[in-house]
Amino acid sequence: MRWLGLGTVVLGVFIWRSGRVAKHTTLTKSAFPLGYYASGDFASSCSPIAPVDDPAFNDLKYCEDETFWDVLTTQGDLQTRHLILSCDSNRKAWNTVMGPLRDPKPRGSLWLKTLGEEDAAPTRILFQNYPEGHDFHPLGLEISPSHNGNTSNLFVVNHAREHTTIEQFSVDPSKPTIALYQRTLFTPYFVSPNSVALTSPTSFYVTNDHFFTRRLAWVGKFLPMMESVLGLPLGWVAHVALMPNPLDPSGEPIFSHTVSALGIPFANGIALSPDGSTVAVASTTLGEVYFYQREPKDNTLERIGSVPMPFTPDNIAFDDSGALIVTGHPHFPSIVSVAANKTEVAPSWAVAVTPRSSVLTQRDLRSEYDSQSPISASLKAPAVVSHEVETLFQSNGTGFSTSSTALRDARTGRLYLTGLYAEKGAIVCRPS
Ligand SMILES: *[C@@H]1O[C@H](CO)[C@@H](O)[C@H](O)[C@H]1NC(C)=O
Ligand SMILES: *[C@@H]1O[C@H](CO)[C@@H](O)[C@H](O)[C@H]1NC(C)=O
Ligand SMILES: *[C@@H]1O[C@H](CO)[C@@H](O)[C@H](O)[C@H]1NC(C)=O
């Protein structure tokens with residue numbers, strides 16, 4: 001009887017918190033097209049970012065995150081834009097978020113691709129001074145822009161075997177494929193770091209996706225899953241800053257860690273708007289993106305709204321024009337099955353979220369929107385007065401599998417997508 005009661009409570013909480021998400025991303029699988037690209041024809045516009053059959057790119061697969069690296073002139077104009085990707089070809093043997101935890105040894109990799117009229121082939125980034133025996137399983141990453149030829153700081157979330165750390169490298173724009181290891185950041189507050197958003201070359205926000213992690217003995221198989229399934233609001237955002245320490249001759253900075261926002265179910269991707277005023281955070285299990293107003297003086301955050309997504313969102317990024325690109329997984333059981341190495345592909349979806357140009361009231365809202373998309377977002381997420389949501393990319397998994405991040409280069413309109421378990425690693429779609 002007691003168990004029956006508990007079961008009912010669990011089910012009740014589940015339906016109350018995640019009913020819409022459960023219905024649209026777990027219980028039903030929509031008939032997504034092979035590939036849909038909003039700005040052109042999928043077959044002729046989208047292609048892998050690296051040659052598919054060349055063994056030199058064998059490790060460029062299962063890419064969780066990507067970021068632009070802008071190299072600026074003295075005047076602050078954009079001189080070169082690179083794309084940096086975080087990939088882990090060993091993900092099916094080591095994934096601290098979804099499992100399994102079998103073999104942490106083979107290292108993941110970072111790749112650099114210089115963007116231009118004709119994008120160059122990617123190059124693997126080589127590490128200098130990286131500690132031997134220290135695992136490398138990259139997830140979220142971000143790099144500060146380079147001004148006037150100075151080096152940039154690269155921060156990478158690393159799901160190492162004992163706990164998750166954040167690795168700091170410096171990269172010189174004249175040798176862009178060499179990352180010089182600086183230090184490993186760790187505090188017991190890094191329970192489950194997932195994604196980072198820089199607030200300066202030496203400070204950043206970081207999301208922690210779960211309070212209970214798979215690394216926990218005995219309960220690690222059960223509690224994180226319950227936390228996800230119930231959509232429990234146990235994820236959070238912290239702000240980390242490294243400050244010069246004049247008293248330390250070794251040059252080790254003073255490390256500060258402050259909690260910025262609590263109570264986010266499965267806090268996943270995080271992004272800072274180009275003007276620095278807004279922070280967006282993806283809540284995967286609630287199927288929403290939260291918006292926060294940021295106080296630049298002390299990096300405190302105040303929640304100002306949220307927008308429901310038609311899928312479980314993963315990583316998010318503002319493009320140069322201020323649109324938030326949200327990417328994720330429209331069918332959760334499919335990606336769980338791919339993570340368990342039982343099936344090959346799972347569907348993909350990316351949308352652009354933009355503030356509405358005119359102020360609407362709830363009454364003026366049309367429930368139908370996103371009408372161009374094969375499966376409209378309006379079938380799965382209610383419209384909101386604050387923002388518009390429009391599909392940029394959609395696939396049943398055959399065209400592109402397990403999309404986790406999409407970045408849009410507003411100069412060219414090109415869309416770069418990575419896939420958590422995509423054999424091709426990443427694709428680019430060029431507007432026709
Ligand atoms: C995706 O759609 C195409 C075209 O309808 C089909 O051939 C393919 O089998 C589908 N893939 C999956 C994983 O359903
Ligand atoms: C995944 O399954 C394939 C066979 O379907 C197997 O060759 C491969 O070793 C498996 N990978 C892992 C990491 O278990
Ligand atoms: C590079 O120079 C810019 C502008 O002077 C400065 O804001 C930034 O902190 C420098 N970056 C690093 C990593 O020193």
Side-chain angles (χ1 to χ4, degrees), residues 28-37 41-43 46 58-59 61-62 67 69-80 87-96 98-108 137 142-156 168-176 178-183 198-204 241-244 251 253 272 276 296 329-349 373-375 393-403 419-424:
T28 52
K29 186 176 181 181
S30 302
F32 294 109
L34 181 133
Y36 164 77
Y37 172 46
D41 167 53
F42 169 76
C46 303
N58 277 355
D59 281 346
K61 62 176 191 178
Y62 305 170
T67 189
W69 178 25
D70 287 349
V71 177
L72 310 169
T73 63
T74 323
Q75 285 76 39
D77 299 325
L78 185 59
Q79 187 180 353
T80 311
C87 310
D88 193 348
S89 58
N90 182 51
R91 195 182 307 283
K92 284 189 178 171
W94 187 258
N95 181 337
T96 67
M98 302 182 71
L101 299 182
R102 204 165 56 232
D103 181 9
K105 215 149 184 214
R107 280 183 182 170
H137 296 289
E142 210 161 89
I143 182 167
S144 60
S146 167
H147 296 263
N148 198 17
N150 74 356
T151 61
S152 291
N153 287 337
L154 169 65
F155 293 92
V156 188
Q168 183 187 349
F169 301 90
S170 73
V171 194
D172 180 340
S174 67
K175 289 174 276 177
I178 295 176
L180 183 61
Y181 171 84
Q182 299 294 316
R183 58 184 57 84
L198 300 196
T199 47
S200 82
T202 51
S203 61
F204 53 85
L242 304 173
M243 287 158 298
L272 180 69
H329 313 290
H331 190 240
F332 218 69
S334 292
I335 191 168
V336 168
S337 159
V338 173
N341 203 21
K342 288 189 187 130
T343 48
E344 300 276 312
V345 298
S348 295
W349 200 338
S373 174
I375 303 290
F393 184 89
Q394 209 170 61
S395 171
N396 66 5
T398 301
F400 192 65
S401 174
T402 60
S403 62
L420 190 62
Y421 288 101
E423 298 294 332
K424 290 176 238 176

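In listed order, ligands and their atoms are each counted from 1.
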**Q.** Proximal atoms of ligand 3 relative to P201 (non-hydrogen, under 4.0 Å)
**A.** 8 (C), 9 (O)
(Q) Can you name the atoms of ligand 3, numbered from 1 with element, that are less than 4.0 Å from a heavy atom of T151? (A) 11 (N), 12 (C), 13 (C)
Q) Any idea which atoms of ligand 1 are less than 4.0 Å away from a heavy-atom of V345? A) 13 (C)
Q: Enumerate the atoms of ligand 1 whose separation from the nearest heavy atom of T398 is less than 4.0 angstrom.
A: 1 (C), 8 (C), 10 (C), 11 (N), 12 (C), 13 (C)
To which protein heavy atom is [atom] closest, and what is the distance rounded to 0.1 Å?
atom                    : answer
atom 5 (O) of ligand 1  : N396 ND2, 4.8 Å
atom 13 (C) of ligand 2 : R102 NH2, 3.3 Å
atom 4 (C) of ligand 2  : N341 ND2, 4.7 Å

Q. For ligand 3, is S144 a contact, meaning one of its heavy atoms is under 4.0 Å away?
A. no
**Q.** Heavy-atom pair with the smallest gap, counting every atom of R183 and G251
**A.** NH2-O, 3.9 Å
Q: Look at the rings of H137 and W94 and say which category their plane angle falls in: under 30° parallel, 30 to 60° tilted, over 60° perpendicular.
A: tilted
Would you confirm whether any non-hydrogen atom of the protein falls under 4.0 Å from [atom]?
atom                    : value
atom 11 (N) of ligand 2 : yes
atom 7 (O) of ligand 1  : no
atom 2 (O) of ligand 1  : yes

(Q) Would K92 count as being in polar contact with ligand 2, using the rule that some N or O on each side must be under 3.5 angstrom apart? (A) no
Q. Looking at W349, F393, F42, which hits ring-ring contact (aromatic ring centres under 6.0 Å, His included) with F32?
A. W349
Q. Looking at side-chain heavy atoms only, is the closest gap between F400 and C46 below 4.5 Å?
A. no
Q. Just wondering, do S403 and S395 contact through their side chains at under 4.5 Å, heavy atoms?
A. no
Q) Roughly how far, to the nearest 0.5 Å, is CE of M98 from CD1 of I335? A) 5.0 Å
Pair [X]-[Y], side-chain donor/acceptor within less than 3.5 Å:
X    : Y    : answer
N153 : S144 : no
Y62  : E423 : yes
T151 : D172 : no

Q: May I ask you to check whether N150 has an N/O atom sitting below 3.5 Å from an N/O atom of ligand 3?
A: yes
